[in-house]
Engineer: 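My questions all concern the structure below.
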Amino acid sequence: MLIHASALNQIRAALRFVDEQKFPKVVLVGGDDAWRVADELKARNIAVICGGTLELPTRRDEPYDEAMALPAKLAAAGVRFCISDGGGPFTAPNARNLPYHAAMAAAYGLPKEEALKGVTLYAAQVLGVADRLGSLEPGKIADVIVTNGDPLEIATQVEQVYIAGKAVEMETRQTRLFHKYDARPRGASARKLARR
């Protein structure tokens, strides 16, 4: 059962609802205030899908880094978690920013390896599909990216993608347009041509 609950009163109401309905497996989605009841979440083995870390605080008196530090607080308390981009119809086109949500969590206290697991292995574990996804192991579906640097760094470029073990064509309309206009005639002080 996935329950969207961010504020403390929503989380407490969700926990009462879980008790009334006797749901065996529950995951909180959003969970802005989950760190305030972390001991209870850990005792109940309730995981949290953290909303986007690139969000503003929900209350005026909260520190600016409240969302950024949430994954680190949950990890320190022993609560299972994963990192999302916040979801919703207006954020779906920005799913490409998921690594930066993880990077922000790493910048605000979560170890870098844990941040990467927060968008790979831990996400698969929270959703109950870790036997097939989330890590590179024999027998699992191999979705892999090859980058020219740290996948959590904004300047890193994805050089190749493999989905279910098969290479994906990396040429897109955008790359074709880039090469078309990059090959235009240029003056002596223009930058050098990009490699292909």
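Numbering starts at 1 and runs along the sequence shown. Note that this is a predicted model, so its numbers are computed, not measured.
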Engineer: For I145, which fellow cluster members are found when Ile, Leu, Val, Met, Phe, Trp and Tyr are connected by side-chain heavy-atom distances below 4.5 angstrom, either directly or through intermediates?
Structural biologist: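 Once heavy-atom contacts under 4.5 Å are chained together, I145 belongs with V158, V161, I163, V168, M170.
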Engineer: Which atom names give the shortest non-hydrogen contact between Q160 and A167, and what distance separates them?
Structural biologist: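 Closest pair (atom of Q160, atom of A167, distance): NE2-CB, 3.8 Å.
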Engineer: Flag the pair Y64 / L56 as yes when at least one side-chain heavy-atom distance between them is below 4.5 Å, and no otherwise.
Structural biologist: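 SC-SC contact between Y64 and L56 ruled out.
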Engineer: Identify whether V119 and V126 are in the same connected component of the hydrophobic contact network (ILVMFWY, side-chain heavy atoms under 4.5 Å).
Structural biologist: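 In one cluster with V119: V126, no.
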Engineer: Would you say V26 ends up clustered with V79 if hydrophobic residues are merged whenever their side chains have heavy atoms under 4.5 Å apart, either directly or through other cluster members?
Structural biologist: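 Looking at the clustering, V26 is in the same group as V79.
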Engineer: Given the rule in the side chain to side chain contact (heavy atoms under 4.5 Å, CB included) test, do Q157 and T147 qualify, once you have shown the distances and angles that lead to the verdict?
Structural biologist: CA-CA 6 Å; Q157 295 177 352; T147 65; over 6 Å; no
Engineer: Is it the case that atom CZ in R176 sees more than 12 heavy atoms from other parts of the structure closer than 6.0 Å?
Structural biologist: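 Above 12, so yes.
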Engineer: For the residue pair A72 and G109, what are the closest heavy atoms and their distance?
Structural biologist: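 Closest pair (atom of A72, atom of G109, distance): CB-C, 3.6 Å.
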Engineer: Report yes or no: do W35 and V27 belong to one cluster of Ile/Leu/Val/Met/Phe/Trp/Tyr joined by side chain heavy-atom distances under 4.5 Å?
Structural biologist: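 Per the 4.5 Å side-chain linkage, W35 and V27 are not co-clustered.
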Engineer: Got a second to check how far I83's CD1 is from I49's CD1, nearest 0.5 Å?
Structural biologist: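 Between I83 CD1 and I49 CD1, I get 12.0 Å after rounding to 0.5 Å.
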Engineer: Can you list every pair that meets side chain to side chain donor-acceptor pair (under 3.5 Å) and has a residue in residues 76-90, with sequence neighbours left out?
Structural biologist: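 Counting only pairs at least two positions apart or across chains, the side chain to side chain donor-acceptor pair (under 3.5 Å) contacts touching residues 76-90 are N45-R80.
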Engineer: Which residues pass the side chain to side chain donor-acceptor pair (under 3.5 Å) test with K140, sequence neighbours left out?
Structural biologist: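 With neighbours one apart ignored, the set is S135, E137.
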Engineer: Taking the side chain from D32 and the backbone from A7, do they hold a donor-acceptor pair closer than 3.5 Å?
Structural biologist: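 Here the side-chain-to-backbone pair does not exist.
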Engineer: Holding to ring-ring contact (aromatic ring centres under 6.0 Å, His included), I want the full list of residues that pass it with F23, two or more places apart in sequence or in another chain.
Structural biologist: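 Scan of F23 (ring-ring contact (aromatic ring centres under 6.0 Å, His included), adjacent residues dropped) gives F17.
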Engineer: Write down the atom of I11, the atom of G31, and the distance for their closest heavy-atom approach.
Structural biologist: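 Minimum heavy-atom contact is CD1-CA, 4.3 Å.
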Engineer: If I take atom CG from residue D182 and atom OG1 from residue T175, how far apart are they, to the nearest 0.5 angstrom?
Structural biologist: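 Rounded to the nearest 0.5 Å, the CG-OG1 separation comes to 12.0 Å.
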Engineer: Under 3.5 Å, which donor-acceptor pairs link side chains of residues 97-108 to any protein atom two or more places apart or in another chain?
Structural biologist:
| unit_1 | atom_1 | unit_2 | atom_2 | d |
| --- | --- | --- | --- | --- |
| H101 | ND1 | T53 | N | 3.0 |

Engineer: Taking all non-hydrogen atoms of both residues, which atom of G52 and which atom of A67 are closest, and how far apart?
Structural biologist: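 Closest heavy-atom pair between G52 and A67: O-CB, 3.8 Å.
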Engineer: How would you list, by chain and number, every residue that makes a side-chain contact (heavy atoms from CB on, under 4.5 Å) with A76, sequence neighbours excluded?
Structural biologist: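 Listed in chain order: nothing, the list is empty.
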Engineer: Does K112 have any salt bridge (charged side-chain N to carboxylate O under 4.0 Å, His left out) partners at least two apart in sequence or in another chain, and if so, which?
Structural biologist: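 Salt bridge (charged side-chain N to carboxylate O under 4.0 Å, His left out) check on K112 returns D150, E153.
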Engineer: Output all residues satisfying side chain to side chain donor-acceptor pair (under 3.5 Å) with K73, sequence neighbours left out; order by chain, then residue number.
Structural biologist: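 Checked K73 against side chain to side chain donor-acceptor pair (under 3.5 Å); matches are E66.
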Engineer: Enumerate the residue pairs fulfilling side chain to side chain donor-acceptor pair (under 3.5 Å) with a member in residues 121-133, sequence neighbours excluded, ordered by first and then second residue.
Structural biologist: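 Every pair satisfying side chain to side chain donor-acceptor pair (under 3.5 Å) with a residue in residues 121-133: E114-Y122.
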Engineer: Kindly give the heavy-atom pair with the smallest separation between A5 and L28, and that separation in Å.
Structural biologist: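 Minimum heavy-atom contact is CB-CD2, 4.1 Å.
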Engineer: So how far is it from L70 CG to C50 SG, rounded to the nearest 0.5 Å?
Structural biologist: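 So the CG of L70 and the SG of C50 are separated by 4.0 Å.
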Engineer: Just jot down the side chain to side chain donor-acceptor pair (under 3.5 Å) partners of R60, sequence neighbours excluded, or say none.
Structural biologist: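 Expected list: none.
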Engineer: What heavy-atom pair brings V48 and A34 nearest, and what distance separates the two atoms?
Structural biologist: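 V48 and A34 have their closest heavy atoms at CG2-CB, 3.9 Å.
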Engineer: About how many Å separate CG of L133 and CD1 of I141, when rounded to the nearest 0.5 Å?
Structural biologist: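 Spacing of CD1 (I141) from CG (L133) equals 5.0 Å.
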Engineer: Taking only residues two or more places apart in sequence, or in another chain, which ones meet E62 in a salt bridge (charged side-chain N to carboxylate O under 4.0 Å, His left out)?
Structural biologist: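 If we apply the salt bridge (charged side-chain N to carboxylate O under 4.0 Å, His left out) test to E62, skipping adjacent residues, the hits are R36, R59.
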Engineer: Can you measure from CD (E113) to CG (L110) and round to the nearest 0.5 angstrom?
Structural biologist: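 One finds 9.5 Å between CD of E113 and CG of L110.
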Engineer: When clusters are formed by joining ILVMFWY residues with side-chain heavy atoms under 4.5 Å apart, either directly or through shared neighbours, do M1 and V29 land in the same one?
Structural biologist: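 No, it is not one cluster - the side chains of M1 and V29 are not joined through contacts under 4.5 Å.
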Engineer: Enumerate the side chain to side chain donor-acceptor pair (under 3.5 Å) contacts for residues 9-29, please, sequence neighbours excluded, ordered by first and then second residue.
Structural biologist: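 Those involving residues 9-29 are D19-R44.
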Engineer: For the CG atom of L116 and the CG atom of L121, what is their distance to the nearest 0.5 Å?
Structural biologist: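 Those atoms lie 10.0 Å apart.
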